[in-house]
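Working notes, beginning with the structure itself.
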Amino acid sequence: MKDKNRNDQLERFFQHNPIEDPLYLKKYVKEHPDHKMAWYLLGREYAAQGKEGKAAYCFAQSGEIYEAFEHQKITIEGALPSSPSSPSSALHKGTTVTSVKSKSSGKGKWMPLMVILLLLAVPAAMDLAKNDAGDIPNETVVTAPAAANSPAPPKQEVSSGLKLYFSNGDWGKKLQQVLSSSGSGAGESVIMEAPRSSDGKWSEWNKSVKPLISVESKGGGGGSAALKYFQSQTCSCEVADSSALVPVIANWMHEREQAIVLQSAIQAYQKKTGTLPEKPEQLTKPYPNNLLPGLSPEMQEAFPQAVSKVNESAKAGKGQDPLQTADKTEQPKQELREQAAPSSSQPKASAEPLLEPLRIVIDTDKHRLALVSGDFIIRSYPVGLGGEKTPQGEFFISEKVRNPNGKSNGEFGSRGMTLSDTLYAIHGTNKPSSIGKDESHGCVRMLQDDVEELYNMVAHETKVTIGKGLLPPSSNPDGGNGGGSPGLGAGGGKPDQSFGLPLQTNDSNPSKTYKWLD
């Protein structure tokens, strides 16, 4: 494109004062998708509004313009508004340019920006598309900025060249961090997220963690990065196929579940005995000290590091990730332990998932039992209750027993967990039709598959909270029960992969006749 034509189009572009007319900017980038300064300005507008995800997408499209502004300080009075949420709110060293204010027209304050634009942008970056862009493609190639002061978010190495990053509602910020660090090495990075509940208070891990965006970097300074979008909320585009990532993420989820089960059992042992366990076998003692029925090989391997991390966590007052530290081939990582800012109705959530000890929440209105870690719902099961006979308040698991009636199909089913040394318990039932109803004498009834999975995951001392209105409405009340659990991402109470542990102890108690209130 000739310089005269380019300058004419730039002048027409700035006549609209894009910051004061964001709708024009949105229309403009659709008509001219190669105009990288327009993408950058639109990203700044979204950032000023606190829309991190949309801002990140626009910054990715702006390529070298974003990089240039991020690495050269340019202060323009009355022009680009800074925002605490904007990645460019604190620009780096460089030249300060002061605008010339004009009372008669809003164009005067944009003239310095035009000069900067012509100085910084390469001609190819400013050539405008001749045809309409239509929808944004599901894969975009951007210039990856060199690694700067922004550290990469915490990641989980799952295979050579593939890294998984978990987002807890801040995927836009994660994308900016991944892009800023992608120039340091080749490989693919995938940003994932669990859906939020309808009331906004919970992350529904049980409805699966899904990939949002992947960044594939060629490595090297100034290398290119290809972005793929897997969910419609991340772009106005045709989403890419994520089927190859489903088993990878499912395996990662299972590893994290093993980590939090191990961590919670170690903390339970410490609470019961006042000391940390020295051997894995101390978590799988015979009844009545049977914290867990057994440990998987991965949990046994992770045990020494897990104990050390729980000890450090107790001193520092924060959660840890035992299984992640057990990978001996993993290189040391710089971690970003940032906290998501909570709203008045949303509990504080860690940037890493499943760090807080497991606990049980039972909603008597919805007849649901949820296994949670922090604000993450890991499992959600339908239960049978006793109406006003079911007590409300805070309890803890004081006893765990296999086949409390001496058989798996007795009145109390195949598993039972006593609440605070009372006659109330969470147990199975030989009356599955009572699930979802108030037909018990006060106990919490569960279907056999559900109570056996819960029994594998929780240890003694697990906190149990019973009350009304504690859990979000379920989009699939029957999801994950005996009628068949939904597939990964199907929106049920639990994923396809049930949590199982090998039986490595004797956790039955045939000498006792249980008289729970059923």
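Just so you know, these numbers use all the heavy atoms, side chains as well, and skip hydrogens, waters and symmetry mates.
Here Q267 pairs with Q263, V310, P357 under the side-chain contact (heavy atoms from CB on, under 4.5 Å) rule; sequence neighbours left out. Every residue was checked against the side-chain hydrogen bond (donor to acceptor under 3.5 Å, both in side chains) condition with S198, not counting sequence neighbours, and none meets it. R359 meets the salt bridge (Lys or Arg N to Asp or Glu O under 4.0 Å) test with no other residue; sequence neighbours excluded. Listed by chain and residue number, D421 satisfy the side-chain hydrogen bond (donor to acceptor under 3.5 Å, both in side chains) test with S398 (two or more places apart in sequence, or in another chain). Among residues two or more places apart in sequence or in another chain, the salt bridge (Lys or Arg N to Asp or Glu O under 4.0 Å) test is passed with E193 by none. In this view, F396 satisfies the ring-ring contact (aromatic ring centres under 6.0 Å, His included) rule with no residue, not counting sequence neighbours. Listed by chain and residue number, S508 satisfy the side-chain hydrogen bond (donor to acceptor under 3.5 Å, both in side chains) test with N506 (two or more places apart in sequence, or in another chain). With sequence neighbours excluded, no residue forms a salt bridge (Lys or Arg N to Asp or Glu O under 4.0 Å) with D438. Contacts of L454 classified as side-chain contact (heavy atoms from CB on, under 4.5 Å), with partners at least two apart in sequence or in another chain: I360, L369, L371, Y381, M417, I426, M446, V458.
Residue pairs meeting the ring-ring contact (aromatic ring centres under 6.0 Å, His included) criterion with at least one partner in residues 261-300, sequence neighbours excluded, are absent. Within the structure, side-chain hydrogen bond (donor to acceptor under 3.5 Å, both in side chains) contacts touching residues 456-472 (residues at least two apart or in different chains) are E394-T465.
In this structure, the separation between CD1 on I435 and CG on D450 is 8.0 Å, given to the nearest 0.5 Å.
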One pair to check against side chain to side chain donor-acceptor pair (under 3.5 Å): E439 and S434. What are the steps and the verdict? CA-CA 6 Å; E439 295 184 358; S434 67; 4.7 Å; no
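In this structure, a donor-acceptor pair under 3.5 Å is absent between the side chains of S498 and D449. A donor atom on one side chain and an acceptor atom on the other are found under 3.5 Å apart for S197 and D199.
Between K366 and D363 there is a salt bridge, since a side-chain N of the basic residue sits under 4.0 Å from a carboxylate O of the acidic one.
Because its NZ or CZ atom is both nearer than 6.0 Å to the ring centre of Y455 and within 45° of the ring axis, K400 counts as a cation-pi partner of that residue.
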Can you give each donor-acceptor pair under 3.5 Å made by side-chain atoms of residues 405-413, sequence neighbours left out, with the distance rounded to 0.1 Å?
from: N405; atom 1: OD1; to: E411; atom 2: N; distance (Å): 3.0
from: N405; atom 1: OD1; to: F412; atom 2: N; distance (Å): 2.6

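In summary, of the residues considered (K272, R415, K512), a salt bridge (Lys or Arg N to Asp or Glu O under 4.0 Å) with E399 occurs for K512 alone.
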